Amino acid sequence: MKKDLIICIAGAGSTYTPGIIQSILSRYEQFPVSEIRLYDVSQKRNHRTYVIVEYLTQRLNQSIKLVETTDPELAFTGVDYIFSQIRAGGLKMRELDEKIPLKHGLVGQETCGVGGFAYGMRSMVQFLDLVKDCITYAPDAWILNYTNPETIISEAVRRQFPSAKIINACDMAISISKTIADIYDYDHDGWVPTYYGLNHFGWFTEVYDKNLDKDVLPEIIKRAQQEGVWLNEGDDSWKETYVNLGRMIQYFPDSIPNNYLEYYLMGDEKVAKADPSYTRANYVMDNRDNYMENFYQAILTGSKKDLEAYSMENEIHGQYITDIAISLHCDLNQRFNLIVPNKGAIPNLRSDAVVEVPAYVSAKGVEPIALRHEISDFHKGLMEAQVASEKLWVDAFFEQSYLKALQAFTLNQTVPSMLVAKKVLDDLIEANKGYWPELK
Ligand code: G6P
Ligand code: MN
């Protein structure tokens with residue numbers, strides 16, 4: 001097994017980077033990284049991460065070569081693994097993705113509905129460039145991708161670079177199953193959940209518990225119906241998504257849904273409750289981003305005592321992608337939920353959809369696990385509309401087609417009519433000038 005690995009974090013200015021790096025460094029025995037390249041288009045944000053990571057590694061007595069760069073050639077040449085989490089347009093554009101749809105009475109969300117599409121268009125532009133650079137400068141490297149919105153990104157990469165060495169992952173499904181296990185007091189390590197869907201759009205239909213040797217999903221659903229789903233930690237908006245997850249179970253007690261389905265199944269209420277002048281992007285800027293900025297300033301100027309108060313936790317987000325990298329690097333063949341071309345994994349869904357299903361990861365890459373049953377008409381219908389809408393959006397990007405873009409919006413389940421679809425599309429085109437290709 002290769003030692004002295006070089007990795008690159010693309011989109012290193014992200015607030016998630018210190019956590020991902022701490023996860024990676026804590027697993028040195030299985031994943032012996034000796035050099036980390038921090039790469040971002042924003043020199044300022046990249047440098048902020050550099051200073052924080054340098055400080056954290058010194059605090060933990062870790063010896064690592066750390067490089068910061070805005071040059072893709074320097075970033076990728078000779079690297080073994082690339083961890084990508086770019087956010088095209090940054091949090092400022094996320095704010096518009098959330099606020100513009102709300103102005104039209106539509107769900108305004110980072111990855112769902114038309115806001116997610118707006119982000120998707122920016123992401124396709126920048127992410128395909130990134131993949132091209134990775135293939136040019138590091139043709140043997142694996143890309144471990146967290147870049148959102150993941151179904152759109154995966155669909156676009158599959159069309160443009162069908163043989164790219166890329167693994168698309170999202171921490172949401174594991175984060176939900178861990179949270180549910182914690183709430184109802186199960187041992188998550190003994191769980192083998194069956195989850196299927198699209199990214200941020202799926203369901204658990206079985207939770208095999210090795211310790212108890214049975215499927216515990218029916219008893220969890222019962223408890224969720226009786227007690228609700230109450231999260232003890234985290235911020236209010238995540239807590240609310242779990243309450244809503246419980247409410248979705250009340251209505252449809254055949255599965256455990258992904259929280260994000262609230263934007264499709266109860267979008268009217270989400271819109272009614274939203275504050276159109278202060279959305280999640282504002283919260284993230286005022287909290288996570290601000291915390292990182294304060295940490296950075298404290299390192300530059302502060303006393304040792306000030307600094308001790310700061311940490312950037314090694315949480316599920318970082319752990320999950322590190323586990324995937326290790327399964328790949330050490331050929332462990334472990335099971336994860338990943339975003340892959342369907343090709344029959346969900347037997348009664350169109351085979352050219354990009355789906356999120358369990359899959360094994362070994363040195364030779366990803367092997368999806370096919371479901372042993374067909375999915376219900378309810379799930380299938382929801383997914384088919386979503387897949388078609390996303391495919392039209394990806395077509396709109398490749399063909400620079402306004403017609404396809406308008407069809408994508410009109411078909412989206414968060415949009416009530418072609419009239420609203422056109423208005424919001426035109427507003428988003430205006431707001432994304434310079435980021436989107438021109439749609440004709
Ligand atoms: C989860 C999802 C990510 C998403 C993030 C948003 O981790 O899997 O895809 O970007 O939540 O969290 P935030 O705190 O930025 O709203
Ligand atoms: Mn995600």
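Keep in mind the model is a prediction, meaning the values are calculated, not measured. Counting starts at 1 for both ligands and their atoms, in listed order. What's counted below: heavy atoms across the whole structure, side chains too, no hydrogens, waters or symmetry copies.
On a distance-only criterion, His200 and ligand 1 share at least one N/O pair closer than 3.5 Å. Checking only distances, Asn148 does come within under 3.5 Å of ligand 1, N or O to N or O.
The protein heavy-atom contact nearest to atom 12 (O) of ligand 1 is Tyr16 OH, 3.6 Å. In terms of protein heavy-atom proximity, atom 7 (O) of ligand 1 is nearest to Asp171 OD1, 3.0 Å.
Using a 4.0 Å cut-off between heavy atoms, Glu315 makes no contact with ligand 1 at all.
Below 4.0 Å from some heavy atom of Arg288 lie the following atoms of ligand 1, by number and element: 13 (P), 14 (O), 15 (O). Atoms of ligand 1 lying under 4.0 Å from at least one heavy atom of Cys170, given by number and element, are 8 (O). Near Glu110, meaning under 4.0 Å from one of its heavy atoms, ligand 1 places the atoms 4 (C), 6 (C), 10 (O). Close contacts of ligand 1 with Arg280, meaning ligand atoms under 4.0 Å from a residue heavy atom, involve 13 (P), 14 (O), 16 (O).
Tyr278 and Asp286 share a side-chain donor-acceptor pair at under 3.5 Å.
Of the possible donor and acceptor atoms, one in the side chain of Asp40 sits under 3.5 Å from a partner among the backbone N and O of Gly13.
In this structure, Tyr263 has its ring center no closer than 6.0 Å to that of His200.
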So Tyr16 and Glu315, side chain to side chain contact (heavy atoms under 4.5 Å, CB included) or not? Walk me through it. CA-CA 9 Å; Tyr16 289 119; Glu315 284 171 351; over 6 Å; no
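Protein contacts to the Mn ion (ligand 2) involving N, O or S atoms at a distance below 2.8 Å are Cys170 SG, His200 NE2.
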